[in-house]
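Quick caveat, the model's predicted, so the values are computed rather than measured. Letters go in sequence order (proteins before strands), and every chain restarts at 1.
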Number of protein chains: 2
Amino acid sequence: MVVVQVGEDEVDRLFQALADATRRDIVSRVLVAEYTVSGLAEQYAMSFAAVQKHVAVLERASLVTKEKRGREQIVRGRVDAVQRARRLLDEYEHIWRQRIDRIGDLLAEDASDQD
Amino acid sequence: MVVVQVGEDEVDRLFQALADATRRDIVSRVLVAEYTVSGLAEQYAMSFAAVQKHVAVLERASLVTKEKRGREQIVRGRVDAVQRARRLLDEYEHIWRQRIDRIGDLLAEDASDQD
DNA sequence: CTGAACTACAACCATACGGTTGTACGTTAC
DNA sequence: GTAACGTACAACCGTATGGTTGTAGTTCAG
């Protein structure tokens, strides 16, 4: 089977983390440069705690890492998680291509294929 | 800029739709073959209405289409939506590569680059 | 040492989500 | 025409989500 062998709930967390504009913006920022949590919070019109929660969601989804440096916490983006998400979508496209191939097969053979 | 020009809430819907294992399974099925809604519902240990809701979420995210045929509704996967999601993630990787390039620049030049 | 800065976390609120059951309506079959 | 099928949708429930404020613990500066 072509089904990916990553934990389903892990994938859930990945896409769920990406399903918020603020979080996607955070990801694109921390992929470019390092930010402290408060440095990120300054960028958005919401409370510090709200941004803190967003970062926590991203961390649980492995999209960012936090590293304590003195009294501040450095946030960095993890491109490998992004790549994994992209690869999952690649698989869907691959499945779809097989469908196209199968249509070709059906046209070539008899139409007696059901399951 | 490399920033994609798709509505943010549209992207929200896309990733949010993908953030559920049942919905991802539906997508992979309807990318391979056509299903009726009740045909899909048979595949899962949940009520028909629950599956119906999942399909509605996928439809709102443009990941599937529904086409009425007689008394049944045919569900098909839209690979273009999958591709768009994949392309969004591609951009994140691209941003990340630019960061790598920038690090190279900093090493080559003087370290007087801040913003 | 004291105060300010950075973070963590709990409590709370409104809303959305995933699931259920029940009802209603168009379509097919007999 | 009637019964069964496929679908749509509303109402409801428990829980998760995204936001807030408030409190408390570390760490840095003076």
- [ ] Starting at the 5' end of nucleotides 20-30 of chain D, put B wherever the base has a protein heavy atom under 4.0 Å, S where only the sugar-phosphate does, and a dash everywhere else.
- [x] BB-----BB--
- [ ] Specify the separation, in whole Å, of atom CD of B:Q73 and atom C1' of C:dT28.
- [x] 16 Å
- [ ] Would you indicate, yes or no, if D:dT17 has its OP1 or OP2 atom less than 4.0 angstrom from a side-chain nitrogen or oxygen of A:H54?
- [x] no
Open item on the list: It should be established whether B:S38 places a side-chain nitrogen or oxygen under 4.0 Å from OP1 or OP2 of nucleotide D:dT7.
Closed with: yes
TODO: Report which part of the nucleic acid A:T36 touches: base, sugar-phosphate, or nothing (heavy-atom distance under 4.0 Å, all strands).
DONE: sugar-phosphate
- [ ] Could you tell me the separation between the CG atom of B:L40 and the P atom of D:dA8, rounded to a whole number of Å?
- [x] 12 Å
Where do N or O atoms of nucleotides 15-17 of chain C meet protein N or O atoms at under 3.5 Å, pair by pair?
residue	atom	partner	partner atom	Å
C:dC17	OP1	B:Q16	OE1	3.3

Open item on the list: In whole Å, I'd like the distance from the OH atom of A:Y35 to the C1' atom of C:dT7.
Closed with: 19 Å
Task: Rounded distance in Å - CD (B:Q52) to C1' (C:dT20) - done: 13 Å
Task: For atom CD of B:E67 and atom P of D:dA8, their distance in whole Å - done: 13 Å
TODO: Measure from CD on A:E42 to C1' on C:dC6 and round the result to the nearest Å.
DONE: 11 Å
Open item on the list: OP1 or OP2 of D:dA8 versus the side-chain N and O atoms of B:K66: is any pair under 4.0 Å?
Closed with: yes
Task: For B:L88 against B:F15, the heavy-atom pair lying closest together - done: CD1-CE1, 4.1 Å
TODO: Decide whether A:E67 and A:Q73 meet the rule of one side-chain donor and one side-chain acceptor closer than 3.5 Å.
DONE: no
Open item on the list: Whole angstroms only, please: what is the CG-P distance between B:D20 and D:dA16?
Closed with: 14 Å
